[in-house]
2 protein chains.
Amino acid sequence: MTTAEKQKVKQDGGGLLRLDRQICFALYSASSLVTRLYRPLLEPLGLTYPQYLVMLVLWEKTPRTVGELGEALGLDSATLTPLLKRLEAGGLVSRKRDPADERRVLVEPTAKGAALRERAKAVPRAMACQLPLSQDELINLHGTLSRLSRSLRKTERQPG
Amino acid sequence: MTTAEKQKVKQDGGGLLRLDRQICFALYSASSLVTRLYRPLLEPLGLTYPQYLVMLVLWEKTPRTVGELGEALGLDSATLTPLLKRLEAGGLVSRKRDPADERRVLVEPTAKGAALRERAKAVPRAMACQLPLSQDELINLHGTLSRLSRSLRKTERQPG
DNA sequence: AGCGATTAAATCGCACACGATATTATCTCC
DNA sequence: GGAGATAATATCGTGTGCGATTTAATCGCT
């Protein structure tokens with residue numbers, strides 16, 4: 001290593017600030033790119049990517065409260081309320097106060113929203129085909145990310 | 001498997017639509033959580049997470065055009081222009097037209113922006129400590145995500 | 001029963017993110 | 001050297017995200 005190189009390393013703390021070394025950027029970048037890859041698949045369904053995620057949750061079990069959707073997706077009511085109103089305006093879900101507890105809002109797919117599920121079935125396979133990863137890599141990546149998310153959620157719920 | 005279960009599997013295309021099986025959601029979720037983890041570290045520096053990424057790029061080499069920043073980060077001018085104006089308003093970067101080509105805008109850290117780098121050096125290590133992954137897992141994850149991003153960027157630049 | 005604490009959504013303000021379009025400068029080619 | 005093509009930013013409209021606050025309903029406790 002030349003003197004100039006040593007100096008450079010010293011300056012940037014061993015290259016710790018290099019963009020290509022930041023795990024955060026790798027995640028951020030991959031996530032945006034994959035989301036972008038979904039766009040042309042979801043547009044024909046009339047869904048944005050977060051709206052698609054909400055519908056996935058609703059198709060699994062319904063009705064759900066806003067809070068349950070938020071818990072499943074890691075979003076709060078400030079994000080979900082307007083998003084759900086847009087889905088409602090598009091005729092895909094209904095929103096009504098829970099008679100048993102008027103604080104809660106029950107969200108449920110309409111007939112149109114339920115029917116959309118059939119068309120959505122093609123999406124995961126179409127995506128898998130476009131991702132340049134082997135089956136093993138995919139499974140491995142999914143596992144690591146899921147564990148990471150689970151851990152972070154747990155620590156998020158605690159004070160520090 | 002009971003008949004009812006077979007029916008269910010048939011209905012949801014082998015569970016392909018389950019949220020927890022979507023690689024996209026694993027990515028989306030992990031990315032949001034990690035970004036959220038940065039917030040308390042970046043707030044004292046007066047930076048949002050995308051602003052931090054821009055500063056990382058500028059600290060590596062400067063000046064840069066808006067286009068170069070966009071290429072490095074995968075963002076377009078519609079996102080960058082307002083973000084850069086906010087950084088400029090905060091006194092962290094300067095923006096001026098390139099005299100050699102008036103279409104381009106050269107972005108460069110101010111003295112204040114350059115000085116911020118010293119404080120930013122603590123961020124990567126503080127983050128690494130908070131991520132519940134082993135060194136190996138981190139390296140592995142980083143490698144997979146980087147390859148994924150590189151591939152997707154390449155295919156993105158092509159027509160289909 | 002009733003009052004303060006807690007909980008669930010909604011609202012507000014600000015900051016990304018991006019498709020589409022507009023604006024201005026440079027380039028190309030005759 | 002001038003007209004049309006191309007390139008680099010900027011602008012506009014819509015849709016997330018989220019911290020902070022507000023509103024309304026329920027709970028807990030006396």
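Chain letters run A, B, ... following the sequence lines, proteins first, then strands; residues in each count from 1.
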Of A:Thr79 and B:Thr48, the one whose nearest nucleotide on DNA chain C sits closer to the 5' end is A:Thr79

Whole-Å distance, A:Lys85 NZ to C:dA10 P, equals 6 Å

- prompt: Does a side-chain N or O from B:Arg95 land closer than 4.0 Å to OP1 or OP2 of D:dA10, or not?
  reply: yes

In short, B:Met55 meets B:Leu92 closest at the heavy-atom pair CE-O, 4.1 Å

Whole-Å distance, A:Leu42 CG to D:dG15 P, equals 15 Å

Scanning both residues in full, the closest heavy-atom pair of B:Leu73 with B:Arg153 reads C-NH2, 3.9 Å

Is the shortest heavy-atom distance from the side chain of B:Arg21 to the side chain of B:Leu16 under 4.5 Å? no

**Prompt:** With a 4.5 Å limit on heavy-atom distance, are the side chains of B:Arg86 and B:Leu83 in contact?
**Reply:** yes

To the nearest angstrom, the CG-P distance between B:Asp98 and D:dA10 comes to 13 Å

Is there a side-chain contact between A:Arg86 and the phosphate of D:dT16, meaning an N or O under 4.0 Å from OP1 or OP2? yes

Residues of residues 69-78 of chain A with a heavy atom under 4.0 Å from any atom of DNA chain C, listed by number, are A:Ser77, A:Ala78

Quick note, A:Glu102 side chain, CB onward, closest among C:dA25, D:dA10, D:dT26 is D:dT26

Exercise for review: Using a 4.0 Å heavy-atom cut-off across all strands, classify A:Thr65 as base, sugar-phosphate, or nothing.
Suggested key: sugar-phosphate

Picking from C:dA25, D:dT26, C:dC16, the nucleotide nearest the side-chain atoms of A:Arg103 would be D:dT26

When B:Leu106 and A:Pro99 are each assigned the nearest nucleotide of DNA chain D, the 5'-most assignment goes to B:Leu106

Between CZ of B:Arg39 and C1' of C:dC14 the distance, given in whole Å, is 12 Å

So CG of A:Leu19 and OG of A:Ser29: to nearest 0.5 Å the spacing works out to 8.5 Å

For A:Glu60 and B:Leu17, the nearest pair of non-hydrogen atoms, with its separation, is OE2-O, 4.3 Å

Rounded to whole Å, the CZ-P distance (A:Arg36 to C:dG19) equals 7 Å

Whichever of A:Tyr28 and A:Asp101 has the more 5' nearest nucleotide on DNA chain C, that residue is A:Asp101

B:Val105 has its side chain closest, among D:dA8, D:dA10, C:dC18, to D:dA10

Taken to the nearest whole Å, CZ/A:Phe25 to P/C:dC16 is 16 Å

In whole angstroms, the gap separating P of D:dG17 from CG of A:Leu83 amounts to 8 Å

Rounded to whole Å, the CG-P distance (B:Leu84 to C:dA15) equals 14 Å

Rounded to the nearest 0.5 angstrom, the OG1-OH distance for B:Thr35 and A:Tyr28 is 8.5 Å

